Amino acid sequence: MKNDKRLRLDMWGIAGIVILVTYILFLIYPVGNILKQSFYSTSMGFTLDNFTKFFSMSYYSNTLLNSFKVSITATIFAFIIGTLLAYLFAMFDFKGKKLLRILIIIASMSAPFIGAYSWILLLGRSGVITRFLSQFLGVQTPDIYGFSGIVLVFTLQLFPLIFLYINGAFKNIDQSILEAAEGMGVTGIKRFMTVVLPLLMPTVLAGSLLVFMRAFSDFGTPMLIGEGYRTFPVLIYTEFISEVGGDSAFASALAVIAIVIALSIFMLQQIVSLRFAFSMNALHPVSTKKVKGLKKFWVYVISYGIVFTAVLPQLYLVYTSFQNTSGMVFQSGYSLNSYREAFSRMGNSIFNTLRIPFFAIIIVVLFAVFISYLAVRKRNTVTATIDSLSMIPYIVPGTVLGIAYLTSFNTGVGGTGFLSITGTTAILVISFAVRRLPYTIRSSVAALHQISPSIEEAAQSLGSSKLNTFFRITVPMMMPGIIAGAILSWITMISELSTSILLYTVNTRTVTVAIYTEVIRGNYGIAAALSTILMIFTVLSLLLFMKVSGKDDISL
Amino acid sequence: QDNGSSPDRLVIYSPNSEGLINSTIPAFEEKYGIQVDLIQAGTGELFAKLDSEKDSPVADIVFGGGYTQYSMHIDLFEEYVSPENDNVIAAYQNTTGFYTPYTLDGSVLITNPDILGDIEVNSYEDLLNPELKGKISSGDPSNSSSAFAQLTNMLKAKGGYESEEAWAYVEALYTNIDGKISSSSSNVYRAVADGEMAVGLSYEDPVAKLIEDGGNVEIVYPEEGVVFLPASAAIIKGASNQEYAEKFIDFIISQEIQNVLSTTTTNRPVREDVETNDVMKPFAEINALEEDMDFVSENRQDFVNRYNDIFVKTQSN
Amino acid sequence: MTQINISHAKKVFDDVTVIPDLNITINEGELFTLLGPSGCGKTTLLRMIAGFNSIEGGDFYFDADRINDKDPSKRNIGMVFQNYAIFPHLTVRENVEFGLKQRKLDKKVVRETAEKYLKLIQMEKYMDRKPERLSGGQQQRVALARALAINPAVLLMDEPLSNLDAKLRVDMRKAIREIQREVGITTVYVTHDQEEAMAISDQIAVMKDGIVQQVGSPKALYHRPANEFVASFIGRTNIVMAELKHSNEGVAELHLQNGHVVVYPKLNHLSDQTVRVSIRPEDFIRVEQEASLNTFVGKIEDSVYLGLNTEYVVALSDGHLVQVTEESSFEEDLTVGEQIALTINTDKINVYCAEGLTNLSEVK
Amino acid sequence: MTQINISHAKKVFDDVTVIPDLNITINEGELFTLLGPSGCGKTTLLRMIAGFNSIEGGDFYFDADRINDKDPSKRNIGMVFQNYAIFPHLTVRENVEFGLKQRKLDKKVVRETAEKYLKLIQMEKYMDRKPERLSGGQQQRVALARALAINPAVLLMDEPLSNLDAKLRVDMRKAIREIQREVGITTVYVTHDQEEAMAISDQIAVMKDGIVQQVGSPKALYHRPANEFVASFIGRTNIVMAELKHSNEGVAELHLQNGHVVVYPKLNHLSDQTVRVSIRPEDFIRVEQEASLNTFVGKIEDSVYLGLNTEYVVALSDGHLVQVTEESSFEEDLTVGEQIALTINTDKINVYCAEGLTNLSEVK
Ligand SMILES: Nc1ncnc2c1ncn2[C@@H]1O[C@H](COP(=O)(O)OP(=O)(O)OP(=O)(O)O)[C@@H](O)[C@H]1O
Ligand SMILES: Nc1ncnc2c1ncn2[C@@H]1O[C@H](COP(=O)(O)OP(=O)(O)OP(=O)(O)O)[C@@H](O)[C@H]1O
Ligand SMILES: [Mg+2]
Ligand SMILES: [Mg+2]
């Protein structure tokens with residue numbers, strides 16, 4: 001492949017410009033609008049005071065350190081678990097993979113508040129499991145709160161991301177390479193470390209980057225179980241949304257710091273993955289093998305064990321949805337009352353939960369496919385910029401983006417009335433798409449890195465135009481990657497809250513908003529029922545997808 | 001596209017709980033034949049939303065939130081004083097012209113008798129008991145309004161906002177809390193109700209509601225005194241349904257609704273000419289204190305800073 | 001030194017039986033070649049021996065050791081894959097060192113061994129390159145060195161030289177042969193190149209549709225192919241229909257379809273029947289026009305110059321075409337349309353039954 | 001019908017010049033073969049013609065059209081890649097149909113054409129399989145059919161038959177040749193197999209280290225290699241050192257290192273000098289021991305049976321080894337250690353200057 005550094009006005013040039021303009025309009029303009037106040041005060045003009053304040057006071061700067069600690073630890077654990085599981089899935093034949101796959105995906109979606117809250121009910125100081133263990137076994141479980149709790153929840157919530165990515169990447173490894181190693185006496189963990197892992201590296205890095213950033217920017221979990229272990233995103237959130245009068249200029253400065261950190265890590269990841277860029281022409285993708293004996297036992301124990309643990313809070317949630325409740329308090333006895341209430345209150349939210357992510361996912365897939373191709377095969381300043389830009393919404397707290405969108409599009413762009421989309425479906429669709437694009441982009445980029453350019457050349461030699469080659473050859477070959485990312489985008493859009501809670505109107509209320517509303521109103525039973533409905537809904541959408549795509553394997 | 005401009009609709013932003021919503025909105029809809037579009041979220045989120053939308057507002061009414069938020073965002077509201085205003089207890093009347101208090105909420109302690117065992121908790125002072133170390137749940141006064149209300153309440157009760165003695169108490173208390181800060185108000189009472197914590201620095205409405213729902217908790221009105229603060233509602237500046245909005249304000253402080261509130265919910269009415277709920281201790285039996293709202297509003301940031309310093313100090317040793 | 005014994009091997013890929021029932025014994029230290037048309041199951045069989053394909057039936061033995069369920073990594077094999085399968089993330093040197101490192105050898109020994117083999121494959125210049133920057137033939141050589149370097153008990157090679165030029169192929173096959181002989185590695189070699197097979201093998205198995213047609217030394221295969229398929233697969237051959245008749249004296253004669261009669265006493269013991277005669281292109285001998293009684297004429301239809309030899313397509317008097325090979329010369333040149341006289345080297349022909357399935361010349 | 005003209009082509013891969021300055025003209029409808037050792041730049045050149053490698057210097061013309069910057073998809077080429085590059089997500093049929101569909105042909109025509117070519121490569125049975133379930137040779141044939149089916153103006157083939165068995169290779173090269181001739185597709189063919197090159201090509205360019213050594217017809221290359229490299233690359237050869245001397249009558253004589261003298265009047269015009277004589281294995285002719293004056297003796301050191309021919313390694317009296325080829329026979333067999341007498345077919349030898357760089361036999 002020729003690597004043309006100039007920007008040319010061919011199909012790719014145009015696509016690049018369209019995407020860039022979109023990002024300027026829906027990212028730089030609104031977010032810049034909010035963040036500019038971090039450098040600007042009405043009294044003094046340009047100022048760095050907000051930044052000085054942050055770095056000079058340990059009360060604030062410690063949160064950054066804390067965030068790094070939890071994010072790095074969680075990333076490492078998520079990486080280990082996710083990779084281990086993906087490896088088992090790719091290498092061995094065992095029963096119930098389809099079910100496990102769905103459960104893994106379910107584990108990655110967490111209903112607002114209620115999801116992490118289940119952990120407290122299970123593992124808290126008076127949690128079901130904690131009490132069980134201490135009463136019957138006399139075992140003292142470690143505290144779910146603070147550092148260890150945050151890491152636990154992050155790990156179990158984020159490993160599915162690594163799993164899905166790597167599961168897709170295995171499809172691009174040629175079986176014979178693994179066999180070559182095996183023939184030379186290298187098997188098991190050794191082969192994994194010396195051959196499999198290096199080959200998966202682009203994907204591993206992409207996945208880990210996302211996990212890290214997600215852990216670094218998530219505030220829901222640390223807010224619920226941090227108990228004084230103050231993380232950076234919680235700080236940003238509370239400064240923006242403070243009930244006691246936060247300082248939004250200071251909050252903007254924090255967001256700027258978050259973005260700078262995210263971009264630096266992104267660049268670092270880019271540099272590192274260049275070292276692992278090699279393409280493969282996998283005509284014989286890795287196939288699974290039967291296992292026997294002790295090995296079989298361990299395969300089952302590990303895979304089912306991990307997955308079961310990860311969905312435990314969701315299962316508990318389902319359980320509580322059948323419990324009788326009185327407001328905030330769960331009573332003894334079981335009934336369908338919560339469901340009765342839930343259905344009566346859902347309104348059109350189920351429809352919205354389908355409709356809004358549906359439009360958004362179309363945008364996501366389209367953009368991701370183009371952006372990843374531009375970033376990998378047509379790398380130049382513009383495309384590299386687009387690539388980096390696309391990561392920003394991932395790290396900008398959803399609340400900030402919500403506020404930015406409200407402020408910037410309330411009266412149209414620059415108050416002109418152009419794109420005055422507040423309150424419409426469009427604003428939700430766009431915000432969903434922009435925020436969840438990175439999942440699909442990163443996995444597509446990783447997939448593309450592994451595809452041998454000679455396949456594209458072959459298509460071109462057959463007279464296929466760039467566009468045609470792209471859609472008929474490149475995209476289908478990237479499919480495992482695209483789908484892995486799209487599923488994550490889809491799941492996270494379905495359970496998106498922090499932006500939609502600011503942008504929704506009665507007509508665009510989603511199930512997640514409904515759940516949150518019930519939590520606020522103190523109806524935990526109804527919230528649990530709604531969460532269960534959302535979960536069922538998600539499973540159905542996955543099953544439908546499998547049916548339509550004709551694959552058992554969600555990552556294709 | 002619906003931004004509330006249709007004539008028979010009223011857009012309400014509210015962080016309120018089930019009881020308040022259920023006893024007001026349906027009744028209002030029925031009475032006036034107006035459909036209410038209710039947007040619910042946390043107080044912080046709603047005010048951030050209002051602030052962002054101020055050039056082209058969507059909401060007509062914001063229904064809920066304490067005076068601190070209102071006083072910070074005066075520019076968002078339309079001036080309106082309800083004719084019913086005069087029937088409200090003098091201390092809780094709409095004096096600014098912008099926001100109308102409709103219920104009262106006191107800072108209380110929530111306790112879980114199972115966890116507490118035989119430890120006595122009747123006052124703020126009791127919280128300094130070393131046996132409670134790490135078992136007290138508190139919000140973060142620098143961003144949770146209920147935790148901030150607790151802060152001003154204990155300052156007032158312990159000697160005044162600028163009393164060193166009072167601040168010394170705060171420091172002692174937070175040393176005993178040992179960094180176990182919840183990031184949101186709701187976590188505080190939930191933690192106690194779930195048995196995760198023994199005591200929580202919370203507020204009256206949810207605690208009473210928990211007791212009413214059968215939760216295993218008790219409510220403690222600190223002996224040193226309880227400050228009751230009003231929850232308010234206001235009309236948004238530039239609201240498209242001004243007329244209905246005004247009707248709504250009148251409605252929530254009408255005797256009829258105040259009566260419903262005080263009898264069927266765990267909210268204290270702002271009118272005296274109504275009955276009260278059995279779950280809640282009658283006003284007369286409580287050592288009520290009064291907050292100096294103007295002073296607190298003005299010095300809010302100082303309080304927060306001072307608290308932050310204390311927090312850092314307790315964390316660093 | 002390992003003997004490989006395969007009995008009743010069976011391989012099924014999703015309902016399609018690729019190898020129905022295969023029996024082979026490969027002796028210790030032998031270089032055994034699998035030869036057969038594309039898709040006949042060579043790679044499949046090799047991968048079964050290596051342990052990468054499941055075995056649907058039969059027994060595989062390395063000496064007395066039944067290996068059907070043995071882990072590939074424990075079989076002590078070296079394998080060159082048809083698609084090379086070199087590690088894309090490792091340099092040339094690291095690829096070759098990879099297997100050596102597993103043997104827990106001294107670092108220096110690893111380096112030196114790797115270098116030795118890199119020199120052998122003439123790749124020492126490219127030691128530190130990543131595979132993506134190598135030509136096809138260079139990649140193939142790396143795969144070769146990697147398998148040789150670990151000095152396995154059994155060496156499995158799937159078309160290891162297919163992308164090398166003639167000169168290098170000869171060099172490489174010599175090298176393989178030497179190493180193999182030196183250490184006595186039992187080797188199973190897959191190739192589509194019969195010359196290579198001939199040059200390198202101790203024994204050759206000719207396969208078709210998963211069935212072994214004949215196992216034998218190169219010479220035996222070439223000169224006494226067990227059936228018509230082998231005859232035409234190993235080298236080229238002309239199949240001419242003939243009637244086996246006996247003269248009054250009881251001497252067998254082959255009456256070829258063009259009328260020519262070949263006296264063929266070897267078949268005296270057989271009854272009269274229709275047969276198929278396999279005559280290799282070089283077994284037609286060109287003679288001076290009408291020089292002897294035992295000749296017939298043909299007309300040159302086409303000629304292909306192949307360097308050492310030239311191949312002619314000759315139309316016999318009855319219109320049938322046959323291939324004739326002759327050593328080339330620069331000056332003399334038979335042109336298309338020319339009339340030539342041919343005779344047949346009867347010693348070297350083979351006669352098959354009417355179905356082409358048995359070699360009658362061999363039946364005693 | 002397209003003529004390809006390449007002048008001063010240059011290719012640099014990260015500082016390494018792979019092709020320094022290459023000039024070639026490929027005539028309309030010609031089948032032009034690139035032959036050369038592994039890594040000499042054949043694939044690189046082919047990819048430059050196709051437009052997949054950047055061009056660091058020089059001009060590439062298709063007829064009058066400078067294509068240096070033309071998009072590959074607009075060059076109207078068909079290419080068979082060395083690594084096949086078949087689309088793994090498409091079935092065999094879809095792979096072949098892919099290029100056809102780009103031509104906006106009628107659906108029926110697409111189907112029929114694809115089927116025609118699948119039949120040609122003997123893959124009609126596997127039409128609906130995914131490539132992962134094909135053998136190596138089957139995959140390669142799909143790649144071939146895919147390139148042929150679109151009937152391009154220029155066909156580029158990079159070792160298109162390297163994984164096919166001899167029989168299929170012959171079939172395939174015939175098919176390629178026929179299609180190519182029929183439509184007159186200008187074809188650039190890369191192969192490492194000199195027999196194939198000889199059989200299929202109109203012209204062959206022999207390359208070494210990115211430099212074209214000689215361009216010529218197969219025959220010219222074999223019989224009059226321009227330099228020693230070509231002589232030893234195309235076919236095999238023995239290089240024997242000799243002194244060119246003139247007899248008293250001024251007749252040139254080659255005094256070979258083993259003492260044998262060859263009268264070689266062709267070089268009468270040259271002065272006395274040390275030369276290198278290239279004698280192909282088949283140009284040694286075995287004669288009855290001491291039958292004539294002009295013979296010398298040698299001892300057989302090794303023999304390799306290659307089917308049609310047998311190759312001997314013979315030690316000359318001075319200890320030098322030479323390769324000798326003879327047509328094989330089943331009965332008669334020269335054994336290692338046997339003494340034989342040889343003579344040389346002087347018509348076919350080539351004499352090079354001491355550096356091996358010029359063919360003195362050709363200089364007039
Ligand atoms: N991408 C690359 N980067 C650097 N060097 C390369 C690259 N591709 C090929 N080369 C080098 O260029 C030279 C020519 O390679 P090329 O692929 O053209 O060889 P080839 O003649 O096709 O050989 P083979 O018959 O082995 O396929 C080789 O030495 C190879 O190592
Ligand atoms: N994974 C598979 N699934 C189904 N059929 C297969 C699979 N692999 C190979 N086959 C079929 O099995 C047969 C034998 O394949 P194999 O690869 O052993 O052939 P081969 O003799 O090595 O041929 P070649 O010389 O072309 O490489 C072929 O017809 C092939 O199409
Ligand atoms: Mg094969
Ligand atoms: Mg090549």
Side-chain angles (χ1 to χ4, degrees), chain C residues 13-14 35-44 82-83 122 126 133-138 140-141 158-159 162-170 192-195 198-199 218-219 222-224 232-236 280-282 304-309 311 325 327-331 345 347-348, chain D residues 13-14 35-44 82-83 122 126 133-138 140-141 158-159 162-170 192-195 198-199 218-219 222-224 232-236 280-282 304-309 311 325 327-331 345 347-348:
Chain C
F13 278 123
D14 339 304
L35 196 65
S38 172
C40 72
K42 306 180 294 291
T43 300
T44 304
Q82 189 165 11
N83 66 351
Q122 303 170 26
Y126 303 104
R133 294 176 53 215
L134 296 179
S135 78
Q138 288 164 342
Q140 193 164 42
R141 279 179 278 164
D158 199 352
E159 314 249 7
S162 63
N163 271 282
L164 304 184
D165 57 89
K167 231 174 113 69
L168 205 52
R169 275 169 95 90
V170 174
H192 59 265
D193 180 339
Q194 31 142 325
E195 189 193 296
M198 296 275 182
K219 209 170 215 174
Y222 193 80
H223 283 287
R224 285 289 169 257
S232 57
F233 192 78
I234 304 254
R236 286 168 220 188
R280 297 218 179 264
E282 70 269 22
V304 182
Y305 178 82
L306 294 177
L308 171 51
N309 300 304
E311 245 180 56
T325 303
E327 196 171 309
S328 327
S329 65
F330 199 33
E331 291 81 19
N345 181 349
D347 282 354
K348 288 168 82 179
Chain D
F13 278 123
D14 339 304
L35 198 63
S38 173
C40 72
K42 305 180 293 291
T43 300
T44 305
Q82 190 166 11
N83 66 353
Q122 304 169 25
Y126 302 105
R133 296 177 50 214
L134 296 179
S135 78
Q138 288 164 342
Q140 193 166 40
R141 280 179 276 163
D158 199 350
E159 315 249 8
S162 63
N163 271 282
L164 304 186
D165 58 272
K167 229 172 117 70
L168 204 53
R169 276 169 94 91
V170 173
H192 59 264
D193 180 337
Q194 30 141 328
E195 187 193 298
M198 296 274 181
K219 208 171 216 172
Y222 193 80
H223 283 286
R224 285 290 169 255
S232 58
F233 192 76
I234 302 253
R236 288 167 218 189
R280 296 218 180 264
E282 71 268 22
V304 182
Y305 180 81
L306 296 178
L308 172 50
N309 300 303
E311 245 180 55
T325 303
E327 196 171 309
S328 328
S329 64
F330 198 32
E331 291 80 20
N345 181 350
D347 282 354
K348 287 167 84 179

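Residue numbers start from 1 in every chain, and the chains themselves are labelled A, B, ... in the order their sequence lines are given, proteins ahead of strands. Values in this document were obtained by computation on a predicted structure and should not be read as measured data.
Atoms CG and OG, on C/Asp193 and D/Ser162 in that order, are 11.5 Å from each other to the nearest 0.5 Å. Considering CG of D/Asn83 and CG of C/Asn83, their distance stands at 10.0 Å, rounded to 0.5 Å.
Within the 4.5 angstrom heavy-atom criterion, no atom of D/Thr44 approaches chain C. Heavy-atom distances place both the backbone and the side chain of C/Gln138 under 4.5 Å from chain D. Looking at C/Ser135, the atoms closer than 4.5 Å to chain D (heavy atoms on both sides) all sit in the side chain, from C-beta outward. With a 4.5 Å cut-off on non-hydrogen atoms, D/Glu195 touches chain C through its backbone and its side chain both. When heavy atoms are compared at a cutoff of 4.5 Å, D/Asn309 approaches chain C solely by way of its side chain, counted from C-beta outward.
Taking every heavy atom of both residues into account, D/Asp14 and C/Arg133 meet most closely at OD2-NH2, 3.0 Å. For C/Gln82 against D/Asn163, the heavy-atom pair with the smallest separation is NE2-OD1, 3.1 Å. Pairing each heavy atom of D/Arg141 with each of C/Ser38, the nearest pair is NH2-OG, 2.6 Å.
Per-residue heavy-atom pair counts under 4.5 Å with chain C were compared for D/Leu168, D/Thr43, D/Val304, D/Leu164, and the maximum is reached by D/Leu164. Note: C/Ala199 leads C/Gly41, C/Gly235, C/Ala199 in heavy-atom pairs under 4.5 Å with chain D. Per-residue counts of heavy-atom pairs under 4.5 Å with chain D were compared for C/Asp165, C/Asn345, C/Asp158; the largest is that of C/Asp165.
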